[in-house]
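Every chain is numbered from 1, with letters handed out A, B, ... down the list of sequences. All values below come from the heavy atoms of this structure, side chains included, with hydrogens, waters and symmetry mates left out.
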Number of protein chains: 2
Amino acid sequence: MEQLVHSPKSLASAITRQRKAKKLSQTEAGSIFNIEQSTFSSIENGAPGTRLETLFRILAALDLEMVIRPKTVSTHKTEESW
Amino acid sequence: MEQLVHSPKSLASAITRQRKAKKLSQTEAGSIFNIEQSTFSSIENGAPGTRLETLFRILAALDLEMVIRPKTVSTHKTEESW
DNA sequence: ATAATTTATAGCTGTTTAGCCATAAATTGA
DNA sequence: TCAATTTATGGCTAAACAGCTATAAATTAT
């Protein structure tokens, strides 16, 4: 269940997905690490200027982790499973 | 060879590592996607405010990819291999 | 040691964020 | 269909980024 992310947009979908999986509203999720609901909203809408610091707080709040690795030469099929 | 990243600092080290592995200077790496050398420098120093858009351009320039996934309950040993 | 390359800083500018707060719009439920 | 919850927007402010350009500091190579 890991998502390959290559843009603010796809990152947004990974975040939204996990938040909903945890049945949290933006307000609830945000309160965990003091993130404004409005900030949560813009991030989930793919705001390209979101700051790293904010992103990491969100990942922590949703129990998500980020992995960075050299690009794998995977077939496209596998990735677009989501 | 994948790095678990949980802060701008550790992200910075992943970027620096890959850039050096590719034997690129900050200026060279930056020229690929029009990123200022000074910007590259601040990111590699763990600037917490770096923007997502900038980050993704850098990852692309270095052939790195980002994966987001639910936190795994892995032992600490494995992760801190780096 | 000295030169050459690379990286860190700095100033200036325009743009954009995130925190607040409020509210409209959209979604969900009864 | 109406009410309640959730999400999207908007204004205001302080702070910070990234592009530019330049230069100091540090690292590497000869």
Side-chain angles (χ1 to χ4, degrees), chain A residues 1 3 5-71 82, chain B residues 1 3 5-71 82:
Chain A
M1 256 304 223
Q3 179 165 357
V5 162
H6 52 281
S7 69
K9 284 277 185 191
S10 51
L11 178 58
S13 71
I15 288 171
T16 300
R17 171 178 295 225
Q18 176 77 349
R19 180 176 60 76
K20 288 187 174 170
K22 303 199 93 179
K23 294 189 198 296
L24 294 172
S25 67
Q26 293 177 340
T27 303
E28 292 169 331
S31 69
I32 302 176
F33 276 64
N34 297 311
I35 299 158
E36 288 291 314
Q37 177 266 318
S38 57
T39 298
F40 231 106
S41 172
S42 80
I43 286 167
E44 289 194 15
N45 276 296
T50 302
R51 298 176 188 174
L52 279 188
E53 177 217 10
T54 306
L55 169 61
F56 284 115
R57 279 193 305 173
I58 285 183
L59 296 184
L62 297 177
D63 291 309
L64 284 173
E65 65 184 17
M66 176 193 296
V67 169
I68 297 294
R69 66 189 184 200
K71 227 177 237 173
W82 77 285
Chain B
M1 257 305 224
Q3 179 164 357
V5 162
H6 51 282
S7 70
K9 284 278 184 190
S10 52
L11 178 58
S13 71
I15 289 171
T16 300
R17 170 177 294 223
Q18 175 76 351
R19 179 176 61 74
K20 289 187 174 170
K22 304 199 93 178
K23 295 189 197 294
L24 292 173
S25 67
Q26 293 177 339
T27 303
E28 291 169 330
S31 69
I32 301 175
F33 276 65
N34 295 312
I35 298 158
E36 288 290 316
Q37 179 267 316
S38 56
T39 298
F40 230 106
S41 173
S42 80
I43 286 166
E44 290 194 16
N45 275 297
T50 302
R51 297 176 187 175
L52 280 188
E53 178 216 11
T54 306
L55 171 60
F56 284 115
R57 284 207 316 243
I58 286 183
L59 296 184
L62 297 177
D63 291 308
L64 285 173
E65 65 183 17
M66 177 193 295
V67 169
I68 298 294
R69 65 187 184 202
K71 228 177 239 172
W82 76 290

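- Partners of B:Lys22 by salt bridge (charged side-chain N to carboxylate O under 4.0 Å, His left out), not counting sequence neighbours, listed by chain and number: B:Asp63.
- Two residues are said to be in side-chain contact when any heavy atoms from C-beta on lie closer than 4.5 Å; A:Leu11 and A:Leu55 meet this criterion.
- Under the rule for a side-chain contact (heavy atoms from CB on, under 4.5 Å), the partners of A:Ser41 that lie at least two apart in sequence or sit in another chain are A:Gln26, A:Gln37, A:Asn45.
- Using a 4.0 Å cutoff on non-hydrogen atoms, no part of residues 27-35 of chain A comes near DNA chain D.
- Within the 4.0 Å cut-off from OP1 or OP2 of C:dC20, not a single side-chain nitrogen or oxygen of A:Ser38 is found.
- Applying the side-chain contact (heavy atoms from CB on, under 4.5 Å) test to A:Thr16 and every residue at least two apart in sequence or in another chain returns A:Arg19, A:Lys20, A:Glu44.
- At a threshold of 4.5 Å between non-hydrogen side-chain atoms, the residues B:Val67 and A:Arg69 count as touching.
- Atom CD1 in A:Ile15 sits 9.5 Å away from atom CD in A:Gln3 (nearest 0.5 Å).
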Pairs under 3.5 angstrom, nitrogen or oxygen only, protein versus nucleotides 26-30 of chain D, please.
none

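- Nucleotide D:dC17 holds its P atom 10 Å from the CD1 atom of B:Ile43, rounded to whole Å.
- Of the side-chain N and O atoms in B:Ser41, one or more sit less than 4.0 angstrom from OP1 or OP2 of C:dA8.
- The neighbour count for A:Lys9 NZ, taken as heavy atoms of other residues, nucleotides or ligands under 6.0 Å away, does not exceed 12.
- Residues from residues 49-63 of chain B lying near DNA chain D, meaning a heavy-atom separation below 4.0 Å, are B:Gly49, B:Thr50, B:Arg51, B:Thr54, B:Arg57 in numerical order.
- Applying the side-chain contact (heavy atoms from CB on, under 4.5 Å) criterion to A:Ser42, with sequence neighbours excluded, gives A:Ala47.
- Rounded to the nearest 0.5 Å, atoms CZ (A:Arg51) and OG1 (A:Thr39) are 10.0 Å apart.
- Residue A:Asn45 has no polar side-chain atom (N or O) positioned under 4.0 Å from OP1 or OP2 of D:dT7.
- Counting to the nearest Å, the C1' atom of D:dC17 and the CZ atom of B:Phe40 are 16 Å from each other.
- Residue B:Gln37 has its side chain nearest to C:dA8 when only C:dA8, C:dG19, D:dT9 are considered.
- Separating the CZ atom in A:Phe56 from the CG atom in A:Leu64 is a distance of 12.0 Å, to the nearest 0.5 Å.
- Looking only at side-chain heavy atoms (C-beta outward), A:Met66 and B:Met66 come within less than 4.5 Å of each other.
- Shown here are the side chain to side chain donor-acceptor pair (under 3.5 Å) partners of A:Ser7, two or more places apart in sequence or in another chain: A:Ser10.
- We find that CD of A:Gln26 is positioned 5 Å from P of D:dT7, with the value rounded to whole Å.
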Applying side chain to side chain contact (heavy atoms under 4.5 Å, CB included), run through A:Phe33 and A:Ile58 and close with a yes or a no. CA-CA 7 Å; A:Phe33 276 64; A:Ile58 285 183; over 6 Å; no
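- A search for salt bridge (charged side-chain N to carboxylate O under 4.0 Å, His left out) contacts involving A:Arg57 returns nothing, not counting sequence neighbours.
- Annotation: side chain of B:Ile32 is in contact with side chain of B:Leu24 (closest heavy-atom distance under 4.5 Å).
- Annotation: the terminal axes of the helix from C:dA1-D:dT30 to C:dA30-D:dT1 meet at 70°, where each axis is the rotation carrying the C1' atoms of four end pairs onto the next four (5 pairs per end, rounded to 10°).
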Expected rows: protein N/O vs nucleotides 24-30 of chain C N/O, under 3.5 Å:
none

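- Using a 4.0 Å heavy-atom criterion, one finds that B:Glu44 contacts no nucleic acid atom at all.
- Residues forming a side-chain contact (heavy atoms from CB on, under 4.5 Å) with A:Glu53 (at least two apart in sequence, or on another chain): B:Pro48.
- The CD-C1' distance, from B:Glu36 to C:dA8, rounds to 14 Å in whole Å.
- Regarding B:Arg19, its CZ atom lies at a distance of 8 Å from the C1' atom of C:dT7, rounded to whole Å.
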